[in-house]
Amino acid sequence: MAKKRIVVLYGGKADEHPISCISTAGVLKAMDTERFEPIPVGITKSGQWIVNGEDPRGWDLSGDALPEVKVTPQSRPVLLDVSRGCDGFLVGGDTVESLGHIDAVLPVLHGPYGEDGTIQGLLEMMNVPYVGCGVLASASCMDKHYTKVLLNAAGIATAPGITLDARSFDASDGFASDAAAIMAEVEAAGLRYPLFVKPSRAGSSFGVTKVEREGDAAELAAAVFEASHHDWRVLIEQGIDAREIECAVLCAKPGDEPKASWPGEIVLDRREDGGDQFYDFDSKYMDSSASHVEVPANLPEETLQRVRETAIKAFKAVDGMGLSRVDSFVTADGAIMINEINTMPGFTPISMYPKAWEATGLSYTDLITTLIEGVL
């Protein structure tokens with residue numbers, strides 16, 4: 001049987017570019033090459049698509065510089081002819097040649113311009129099968145504000161918060177002149193401290209600040225200013241006294257009933273030593289001693305089952321497809337609320353999504369195979 005030819009898209013224009021590169025390194029090394037022929041297509045930070053660049057299989061986060069897709073003397077640009085569908089992937093240069101028939105695309109892209117419905121819309125227009133959520137789920141889950149709107153409409157609890165339009169604030173002084181107005185909105189909403197200020201459309205904890213000093217308008221304005229570097233829509237959410245429990249949801253084939261893994265938990269190893277107080281970018285990717293994954297999370301089985309049920313309900317509420325990692329808050333009294341939904345979660349071998357499925361009985365390689373075969 002001929003191998004299915006799978007374009008693996010990675011890199012991209014988002015802040016999560018290096019994480020996409022690392023996820024792709026893991027995927028390419030674990031993919032079943034007896035069934036599939038992977039075709040790595042990198043996207044530079046400026047948005048140029050290339051083949052034959054630096055081999056992502058050699059990338060990790062141990063060096064001084066984060067991995068990045070760059071044009072090299074050996075690389076060639078990838079061009080798209082939307083009208084030709086699965087035969088519309090072309091390679092440019094001195095001559096234009098076909099990349100050959102493509103059976104499906106695995107977009108290992110995190111954040112804007114990859115996880116937000118844009119790539120999904122392009123592939124829909126080309127009529128090319130692809131792994132993961134469709135346009136609506138991708139776009140709505142990339143935007144934390146609209147995720148909350150959909151979940152709340154489905155009767156699923158989320159953290160109390162407000163959404164600000166940072167375009168109306170004065171960036172010349174770092175929003176200092178708007179501090180009183182921002183504080184007034186927080187007070188009117190009755191939000192309790194600590195607060196988490198975050199961009200609505202960003203991932204991997206970019207631009208997230210924890211604000212602990214109640215009434216400190218300058219600190220709050222500075223946090224909103226930091227988040228605005230990543231998105232003009234900024235959320236201010238009430239901190240929840242709870243454990244963050246993450247659940248991997250899988251629905252590889254259209255029409256199948258979604259399945260949920262055993263929920264897992266990121267344990268911050270240095271919290272008691274005054275280290276990281278929340279799971280920021282460095283804790284996730286740069287400092288292996290900062291945290292570790294526990295699957296299943298140390299919770300009663302009845303609570304774990306309710307987390308699984310809530311994750312599936314949330315996945316359905318946003319019209320999820322393929323895969324998502326649903327992040328929940330579980331309070332001391334067992335209440336569950338959804339924090340966010342990641343439609344293309346980190347996919348390194350040590351990331352929560354594959355680790356959770358491994359603990360549930362599905363290996364990293366078999367997970368990749370299941371996802372690809374679901375769209376063929």
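In summary, the side chains of S23 and S20 do not present any donor paired with an acceptor at a separation below 3.5 Å, with no hydrogens or angles considered. Side-chain polar atoms of D87 and S98 form no donor-acceptor pair below 3.5 angstrom.
The ring pair (Phe, Tyr, Trp, His ring centres under 6.0 Å) pairs that include a residue from residues 119-156 number zero, where partners must be two or more places apart or lie in different chains. Note on residues 191-200: pairs passing salt bridge (charged side-chain N to carboxylate O under 4.0 Å, His left out), not counting sequence neighbours, are K198-E237.
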- Query: Yes or no on salt bridge (charged side-chain N to carboxylate O under 4.0 Å, His left out) for E302 and R306, after CA distance, side-chain angles and deciding distance?
  - Reply: CA-CA 6 Å; E302 182 271 337; R306 287 194 295 113; 2.7 Å; yes
- Between I368 and D32, does a side-chain contact (heavy atoms from CB on, under 4.5 Å) hold up when you go through it step by step? CA-CA 8 Å; I368 295 167; D32 184 350; over 6 Å; no
- Steps toward salt bridge (charged side-chain N to carboxylate O under 4.0 Å, His left out) verdict (D103, R5): CA-CA 5 Å; D103 292 291; R5 305 183 74 243; over 6 Å; no
- Message: Applying side-chain contact (heavy atoms from CB on, under 4.5 Å) to K316 and E257, what does each step give before you reach the verdict?
- Response: CA-CA 10 Å; K316 291 179 175 180; E257 180 67 15; 2.7 Å; yes
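Y10 has its side chain out of reach of I43: every pair of non-hydrogen atoms, C-beta onward, lies at least 4.5 Å apart. Looking only at side-chain heavy atoms (C-beta outward), R308 and T360 come within less than 4.5 Å of each other. Contact check for R233 versus T163: side-chain heavy atoms found under the 4.5 Å cut-off. In this structure, the side chains of P38 and I6 stay at 4.5 Å or more apart for every pair of heavy atoms. The closest side-chain heavy-atom distance from S228 to F169 is not below 4.5 Å. Considering only heavy atoms from C-beta on, V108 stays 4.5 Å or farther from C21 through its side chain. Using a 4.5 Å cut-off on side-chain heavy atoms (C-beta onward), P77 and Q48 make contact. At a threshold of 4.5 Å between non-hydrogen side-chain atoms, the residues F206 and E226 do not count as touching.
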Could you give the side-chain donor-acceptor pairs of residues 173-182 under 3.5 Å, partners two or more places apart or in another chain?
| unit_1 | atom_1 | unit_2 | atom_2 | d |
| --- | --- | --- | --- | --- |
| D173 | OD1 | F175 | N | 3.1 |
| D173 | OD1 | A176 | N | 3.3 |
| D173 | OD2 | S177 | N | 3.0 |
| D173 | OD2 | S177 | OG | 2.9 |
| D178 | OD2 | D170 | N | 2.8 |

Do any side-chain atoms of residues 369-376 form donor-acceptor pairs under 3.5 angstrom with protein atoms, and if so which ones, sequence neighbours left out?
| unit_1 | atom_1 | unit_2 | atom_2 | d |
| --- | --- | --- | --- | --- |
| T369 | OG1 | T365 | O | 3.1 |
| T370 | OG1 | D366 | O | 2.8 |
| E373 | OE2 | R35 | NH1 | 2.9 |

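Without hydrogens or angle criteria, H17 side chain to T44 main chain gives no donor-acceptor distance under 3.5 Å. With hydrogens and angles ignored, the 3.5 Å screen pairs a side-chain donor or acceptor of K3 with a backbone N or O of T33. For the pair N52 (side chain) and R76 (backbone), a donor-acceptor distance under 3.5 Å is absent. A side-chain donor-acceptor contact under 3.5 Å links K148 to the backbone of A159. Not a single donor-acceptor pair under 3.5 Å links the side chain of Y364 to the backbone N or O of W357.
Q74 meets the side chain to side chain contact (heavy atoms under 4.5 Å, CB included) test with T72; sequence neighbours excluded. When the side chain to side chain donor-acceptor pair (under 3.5 Å) test is applied to E265, the partners found at least two apart in sequence or on another chain are R243. Residues passing the side chain to side chain donor-acceptor pair (under 3.5 Å) test with D333, sequence neighbours excluded: T331. E187 pairs by the salt bridge (Lys or Arg N to Asp or Glu O under 4.0 Å) definition with nothing, not counting sequence neighbours. Qualifying side chain to side chain donor-acceptor pair (under 3.5 Å) partners for D216, counting only residues two or more places apart in sequence or in other chains: R213. Taking W262 as the reference, nothing meets the side chain to side chain donor-acceptor pair (under 3.5 Å) condition, with sequence neighbours excluded. Annotation: side chain to side chain contact (heavy atoms under 4.5 Å, CB included) contacts of M352 (sequence neighbours excluded): E246, I266, V293, V295, R325, A356.
Through side-chain heavy atoms spaced under 4.5 Å, either directly or across other Ile, Leu, Val, Met, Phe, Trp or Tyr residues, L90 is tied to L79, V96.
Both L9 and V82 sit in one connected hydrophobic cluster of ILVMFWY residues. Membership requires side-chain heavy atoms under 4.5 Å apart, directly or through other members.
A 6.0 Å sphere centred on NZ of K253 holds no more than 12 heavy atoms belonging to other residues, nucleotides or ligands. Residue D256 qualifies as enclosed at atom CG: its count of foreign heavy atoms under 6.0 Å is above 12.
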